Number of protein chains: 2
Amino acid sequence: MSRVVRNSLPVSLRHGILGLLASRPLSGYDLTREFDLTLGHVWSAGHSQIYPELGRLAAEGLIEPFDSGPRGRKRYAATKAGRAEVLRWLREDDPGRELRVESLLQGFFYWMLEPAEQIALIARERARHASKLAGYEALATGDIDWMANAEQHAQRIMLEAGIRYERGLVEWADWAAAEVGRGAEVRS
Amino acid sequence: MSRVVRNSLPVSLRHGILGLLASRPLSGYDLTREFDLTLGHVWSAGHSQIYPELGRLAAEGLIEPFDSGPRGRKRYAATKAGRAEVLRWLREDDPGRELRVESLLQGFFYWMLEPAEQIALIARERARHASKLAGYEALATGDIDWMANAEQHAQRIMLEAGIRYERGLVEWADWAAAEVGRGAEVRS
DNA sequence: ACAGGCATGTAAGTCGTTACATGATTAG
DNA sequence: CTAATCATGTAACGACTTACATGCCTGT
């Protein structure tokens with residue numbers, strides 16, 4: 001009997017899926033789209049990760065088949081145990097895992113380049129964040145009725161996190177470009 | 001001949017290591033500490049990932065042993081090819097990989113709980129970010145001479161990214177808590 | 001008819017975490 | 001002398017990405 005106790009803590013993917021299925025039935029394809037569009041700015045997942053996980057969740061009794069549709073479409077819904085697990089996760093699992101922002105990692109090494117080139121790279125980074133910010137803001141001020149229900153409202157609240165985070169980084173990029181100029185001057 | 005071309009793009013870890021070794025010789029232990037303390041707020045890595053990667057980088061001629069010290073300490077330095085690779089990475093590889101913030105993922109599902117509990121969880125999240133922010137600000141205003149050289153200055157610039165990002169999330173948490181209250185009122 | 005999007009899955013390989021394992025040096 | 005910290009590594013497992021593979025509907 002080498003039965004291992006199983007996932008002690010991390011595994012965000014399964015809880016992301018479970019959380020979405022707790023409110024309404026969705027197919028693997030739907031979930032993929034949801035991760036891409038909605039949860040995407042804090043956690044991403046591709047379909048090749050989602051389909052196997054649906055299988056595991058079903059095997060564990062946390063979700064169950066709900067119905068079928070055209071083109072082999074299969075929707076799943078959270079079971080009672082699945083919904084309970086989402087609540088347990090929210091209440092008990094304090095994730096706290098580190099942040100990962102690959103593009104900012106490069107910033108630590110910009111100093112190896114000439115100031116002009118550094119400033120150009122910072123501008124590229126600014127553009128990346130400004131573009132995301134614009135997208136989020138357009139969504140926020142679009143024609144969605146964010147107060148329609150609690151779930152919709154939660155999405156609006158999380159969208160605001162993205163807006164503030166991206167706005168912070170756009171402002172940072174402007175500050176950083178000026179700062180690189182200042183540094184070059186001081187040391188010249 | 002099934003010689004695969006190798007890593008086309010991602011692989012941030014190797015470039016993080018290479019970037020650090022491009023400025024000065026460091027041991028695996030030093031690198032682990034550096035990832036933990038300095039690069040940590042945008043990219044993390046444990047020693048069990050670093051030691052094998054040092055072996056691979058050495059095998060590829062991007063780094064080489066520099067010297068040895070007590071307790072088996074081995075320092076490596078970037079070779080000419082290694083330094084060139086860092087510059088190529090900065091100039092050509094536009095990372096753009098998605099952001100990952102596990103703790104914010106939970107926010108999408110808070111609506112399943114009572115408003116009072118939601119607000120408590122948001123407070124926990126606020127505390128997490130406020131504490132990080134305080135740490136970063138203390139560092140920034142501490143007694144480090146950030147203008148001492150270009151590398152030091154780059155670290156100050158990246159520290160500012162962390163400060164602005166965490167500040168944005170602290171402010172977000174305050175906004176979110178108020179917003180949850182407002183939502184509960186509207187729908188009651 | 002055919003293009004585009006819907007829809008599901010598998011395989012191979014890399015990345016990342018946790019746990020295991022060991023030992024040397026230094027400060028108190 | 002003994003605890004803390006320095007220091008390096010491996011193993012097992014789980015997470016994630018990219019590529020492969022297939023086929024069905026619907027709108028034009």
Side-chain angles (χ1 to χ4, degrees), chain A residues 2-17 25-37 39-40 42-60 65-76 95-100 102 105, chain B residues 2-17 25-37 39-40 42-60 65-76 95-100 102 105:
Chain A
S2 64
R3 204 145 186 49
V4 178
V5 181
R6 265 203 71 78
N7 309 317
S8 44
L9 267 183
V11 208
S12 291
L13 174 65
R14 70 190 296 112
H15 290 109
I17 292 174
L26 294 165
S27 66
Y29 190 86
D30 295 333
L31 287 163
T32 304
R33 224 159 70 278
E34 206 67 32
F35 268 95
D36 193 38
L37 301 176
L39 306 185
V42 299
W43 199 268
S44 66
H47 76 276
S48 65
Q49 227 183 322
I50 289 171
Y51 288 114
E53 189 65 35
L54 283 172
R56 284 189 290 268
L57 286 165
E60 290 171 41
F66 180 80
D67 65 7
S68 307
R71 282 169 288 210
R73 174 186 172 87
K74 275 183 289 184
R75 288 200 299 173
Y76 292 89
R97 216 206 286 184
E98 290 315 320
L99 179 68
R100 229 142 236 252
E102 196 170 3
L105 179 61
Chain B
S2 65
R3 205 144 186 47
V4 178
V5 182
R6 265 204 69 80
N7 310 316
S8 45
L9 267 183
V11 209
S12 292
L13 174 65
R14 70 189 298 113
H15 290 109
I17 292 174
L26 294 166
S27 67
Y29 190 86
D30 295 332
L31 286 163
T32 304
R33 224 158 71 278
E34 206 68 30
F35 268 95
D36 193 39
L37 300 176
L39 306 186
V42 298
W43 200 268
S44 65
H47 77 277
S48 66
Q49 230 184 319
I50 289 171
Y51 288 114
E53 189 65 36
L54 284 171
R56 284 189 290 269
L57 286 166
E60 290 172 42
F66 181 79
D67 65 7
S68 307
R71 280 166 292 209
R73 174 185 172 89
K74 277 184 286 184
R75 288 200 299 172
Y76 292 88
R97 218 206 283 186
E98 290 315 323
L99 180 69
R100 229 142 236 253
E102 197 169 4
L105 178 62

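The sequence lines fix the lettering, A, B, ..., with proteins before strands; numbering per chain opens at 1. Predicted, not measured: the structure shown is a model, and the values here were computed from it.
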K.L.:
Select one nucleotide: of dT17(C), dA7(C), dT25(C), the one nearest the side-chain heavy atoms of Y51(A).
P.N.:
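In terms of side-chain proximity for Y51(A), the closest of dT17(C), dA7(C), dT25(C) is dA7(C).
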K.L.:
For the pair made of CD in E102(B) and C1' in dG14(D), what is the distance, rounded to whole Å?
P.N.:
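Those two atoms, CD and C1', are 14 Å apart.
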K.L.:
Please confirm whether the backbone N or O of G40(B) pairs with a side-chain atom of S44(B), one donor and one acceptor, at under 3.5 Å?
P.N.:
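No, because the side chain of S44(B) does not come within donor-acceptor range (under 3.5 Å) of the backbone of G40(B).
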K.L.:
Can you tell me if R75(A) uses its side chain to pair, donor with acceptor, with the backbone of S68(A) under 3.5 Å?
P.N.:
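Between the backbone of S68(A) and the side chain of R75(A) there is no qualifying donor-acceptor contact (under 3.5 Å).
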K.L.:
Mind calculating the distance between CZ (R75(B)) and P (dC6(D)) to the nearest angstrom?
P.N.:
16 Å
K.L.:
Taking only side-chain N and O atoms of R100(A), does any of them lie within less than 4.0 angstrom of OP1 or OP2 on dG16(C)?
P.N.:
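The answer is yes; a side-chain N or O of R100(A) sits under 4.0 Å from OP1 or OP2.
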K.L.:
With the side chain of R71(B) defined as its heavy atoms from C-beta on, choose the nearest nucleotide among dT8(D), dT26(D), dA7(D).
P.N.:
dA7(D)
K.L.:
Grab the NE2-C1' distance between H47(A) and dA15(D) for me, whole Å please.
P.N.:
16 Å
K.L.:
Which residue, S44(B) or P70(A), contacts DNA chain C at a nucleotide closer to its 5' end, judged by nearest heavy atom?
P.N.:
P70(A)
K.L.:
Quickly work out the D30(A) CG to dC6(C) P distance and round it to whole Å.
P.N.:
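Those two atoms, CG and P, are 10 Å apart.
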K.L.:
Give a yes or no on whether a salt bridge exists between R14(B) and E60(B), defined as a side-chain N under 4.0 angstrom from a carboxylate O.
P.N.:
yes
K.L.:
Which of these nucleotides, dA7(D), dC6(C), dT17(C), is closest to any side-chain atom of R73(B)?
P.N.:
dA7(D)
K.L.:
Grab the CG-P distance between L54(B) and dC15(C) for me, whole Å please.
P.N.:
14 Å
K.L.:
Under 4.0 angstrom, heavy atoms only, what part of the nucleic acid is T32(B) near: base, sugar-phosphate, or nothing?
P.N.:
nothing
K.L.:
Toward the 5' end of DNA chain D, which comes first, R33(B) or K74(B), by nearest nucleotide?
P.N.:
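The 5'-side residue here is R33(B).
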K.L.:
Counting side-chain heavy atoms from CB outward, which of dA11(D), dG9(C), dG23(D) is closest to S48(B)?
P.N.:
dA11(D)
K.L.:
Give the rounded distance in Å between these two atoms: CD1 of I50(A) and P of dT17(D).
P.N.:
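To the nearest whole Å, that distance equals 11 Å.
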K.L.:
Does the side chain of Q49(A) get closer than 4.0 angstrom to OP1 or OP2 of dC16(D) through an N or O atom?
P.N.:
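Affirmative; the distance criterion is met.
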K.L.:
Counting side-chain heavy atoms from C-beta on, which of dT10(D), dC16(D), dA7(D) comes nearest to W43(A)?
P.N.:
dC16(D)
K.L.:
Rounded to the Å, how far apart are L13(B) CG and dT17(D) P?
P.N.:
16 Å
K.L.:
For the pair D30(B) and R73(B), find out whether any cationic side-chain nitrogen is under 4.0 Å from an anionic carboxylate oxygen.
P.N.:
yes
K.L.:
For Y29(B) and dA4(D), what is the distance between atoms OH and P respectively, to the nearest whole Å?
P.N.:
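After rounding, the reported distance stands at 14 Å.
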K.L.:
Mind listing the closest non-hydrogen atom pair of Y29(B) and Y51(B) along with its distance?
P.N.:
N-OH, 3.4 Å
